[in-house]
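A short worksheet on the structure shown next.
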There are 2 protein chains.
Amino acid sequence: MGRPRAFDADAALEKAMVIFWEQGYEGASLTDLTEAMGISRKSMYAAFGNKEQLFRKALQRYTEGPGAYVSQALQAPTAREVATMFLAGSIRANTLPGWPTGCLGVQGALAVGKTGRIAHDTLTEWRAHGQAHLRERFQRAVEESDLPADADPDLIARFIMTIANGMAVQAAGGAEREDLRRVADTALRCWPPA
Amino acid sequence: MGRPRAFDADAALEKAMVIFWEQGYEGASLTDLTEAMGISRKSMYAAFGNKEQLFRKALQRYTEGPGAYVSQALQAPTAREVATMFLAGSIRANTLPGWPTGCLGVQGALAVGKTGRIAHDTLTEWRAHGQAHLRERFQRAVEESDLPADADPDLIARFIMTIANGMAVQAAGGAEREDLRRVADTALRCWPPA
DNA sequence: GCAGTTCAGCACCGATCGGTGCACAAGCAG
DNA sequence: CTGCTTGTGCACCGATCGGTGCTGAACTGC
C-alpha cells in the first residue's frame, strides 16, 4: 500500500552508473547524479540508501551489463580463447559508442569531477608525452636497423606504455614488486613485439 | 630585501608531491597539503600560486625525481634495452619503499581522498575478484593440459589483467578501439605467455 | 636606530559537499 | 468519501572545499 514510485528505478540506476563511470565516485556529486537520474535527492535516498550504496549497485549493474564480457570469457573452451575473449571484451567495453570510455572499475577512482578536470587533462597529456618519447625512440631504432624495417614504433610504444599503465593500477591495488617484474618479463618475452 | 621565507620550498614541494601521489588531485585538500608541507595556506599561495600550479610543480618534480627512469631508459643503446629499462624503472617507481605505491601520472587522478576511500577499496576488490576468476580458470586449464604443466596461472592472470588495466587507462586518454585491438594482439602473439 | 617589505597565522569568505526535516500531493484499503 | 502510508520537491543542515584580508612580527637596506 502507499503511493507507488513514479520513476523507473532500473533506468535511474543506469543513469547513475554512467555518471560514476565518467566522473568517478568523488567526482560525481549528488546533484550530478540526481539530475541525470531525473529524480530528487530524497527519492534517491529512499530508493537506494545513500551515495555509497548507489555506487555499489551501479558497479553491480556495470558488472552485469558492460562488464558481462568477463563471465562470458571465462566460459571459453581453451585458456587462449579465455584470454583473447577477455581482452576483446575489455576493449569493447572500454570503447562502447555512446558510453563513457574506459572501465568503471578503473575509472571509478580515476576520473574526476569538474574541479579535477584540469589535473585529469594535465596527467593525460603527461602520459601522452611519455608515450610520444617512446615512439620517437623506437622510430629511431627502425632507422638504425635496431628494429626490423616493418616494425611499428607507434604500436610498440603504445604496448609498452599500456603495460606500464596497467602495472600502475596493479601497484595501486597492492601488487608486489616481484609480481610486476614477472609481468614485465612476460611482456618482453617476445621481442620485437610486432 | 624583505623577510626571507622561513621554510625550504623544495622540501615542501616534495611533501606536496607525496600527498598528490597518494591522494590524487581532488582527494588532496589544501589542509592535507599544507599540514604535510608544514606551512600555512598563505605561505603556500605566496610560494606556489594556487593548488593547480602546486600540482603542476609537483608533477614536474615527480618527473625529475621518481619518474627520471623515463629519460634514462630513452638513452639506452637498443630498443629492447629501452623497453626493458622503461618497464623496470616503472616497476621501481611504482614500488619504492617509503613512498606511495603506483604512479603519480596515473594515481594523480586515480587515488581518492577520505570520502572516496570506500569506493577506491570497493574497486580494488572488484578488480582483484576478476583477476582471481581468471587465475582459477587458468589453473583449470593446467589441470586439463590445455596449458603446459609448468605454466603459472597466477602470472598469466596478472599479465592479462595488467593489459586490461593498462588499456582502460589508455582508453581514458582517448585511445581508439583499433589501437587497443593491436595492443591486445601484440600481447597474445606469444602464447602461452609463460 | 629607522623605513620598507615580506612572511606567518588566524579568522573568514562564498560555494559546494553529502544528507535530512517538513509540508504536501498521490495513491492504497476500508 | 475518510484514514493512512509513502513518494516528491523545497529549503535547509553542518562540514568542508579552495582561496583571501587582516594583523603583527621578522628581516632587509640605509
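Chain identifiers are assigned alphabetically (A, B, ...) following the order of the sequence lines, protein sequences preceding nucleic acid strands; residue numbering begins at 1 within each chain. Note: hydrogens, waters and symmetry copies are ignored here, and every other heavy atom, side chains too, is used.
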With a 4.0 Å cut-off, would you call B/R140 and B/E143 a salt bridge?
-> no
Side-chain N or O of A/S29 less than 4.0 angstrom from OP1 or OP2 on C/dC17?
-> yes
Give one of base, sugar-phosphate or nothing for A/F7, where a contact means two heavy atoms less than 4.0 Å apart.
-> sugar-phosphate
Phosphate OP1/OP2 of D/dG7: any A/S43 side-chain N/O under 4.0 Å = no
What's the closest nucleotide to the B/S40 side chain, out of D/dG9, D/dG7, C/dG9?
-> C/dG9
B/D32 CG - D/dC17 P separation (whole Å) = 7 Å
Starting at atom CD of A/Q53, determine the distance to atom P of C/dG19, rounded to an integer number of angstrom.
-> 10 Å
Check the distance between C/dT6's C1' and B/M44's CE and give it to me in whole angstrom.
-> 18 Å
Take atom CD1 of B/I19 and atom P of D/dC17, then tell me their distance rounded to the nearest Å.
-> 13 Å
For atom CD of A/E52 and atom P of C/dG19, their distance in whole Å | 9 Å
Side-chain-base donor-acceptor pair under 3.5 Å for A/R41 and D/dG9 | no
Interatomic distance where OH belongs to A/Y45 and P belongs to C/dG18 [whole Å] = 7 Å
Taking for each residue the nucleotide of DNA chain C bearing the nearest heavy atom, is the 5' side occupied by B/G38 or by A/T31?
-> B/G38
For B/I163 against B/A187, the heavy-atom pair lying closest together = CD1-CB, 3.7 Å
Under 4.0 Å between a side-chain N/O of B/K51 and OP1 or OP2 of D/dG18, yes or no?
-> yes
Rounded off to whole Å, could you give me the CG-to-C1' distance for the B/L54 and D/dG19 pair?
-> 14 Å
Go through C/dC17, D/dT8, D/dG19 for me and flag the one nearest to the A/A6 side chain.
-> D/dT8
From D/dG21, D/dT8, C/dG19, pick the nucleotide closest to the side chain of A/K42?
-> D/dT8
A/P97 vs B/R177 side-chain heavy atoms within contact, under 4.5 Å = yes
Should B/R56 and B/E52 count as an ion pair when the cut-off is N to O under 4.0 Å?
-> yes
Cation over ring, B/R5 on B/F7, under 6.0 Å and within 45°?
-> yes
Rounding to a whole Å, what distance do you find between A/E26:CD and C/dT16:P?
-> 17 Å
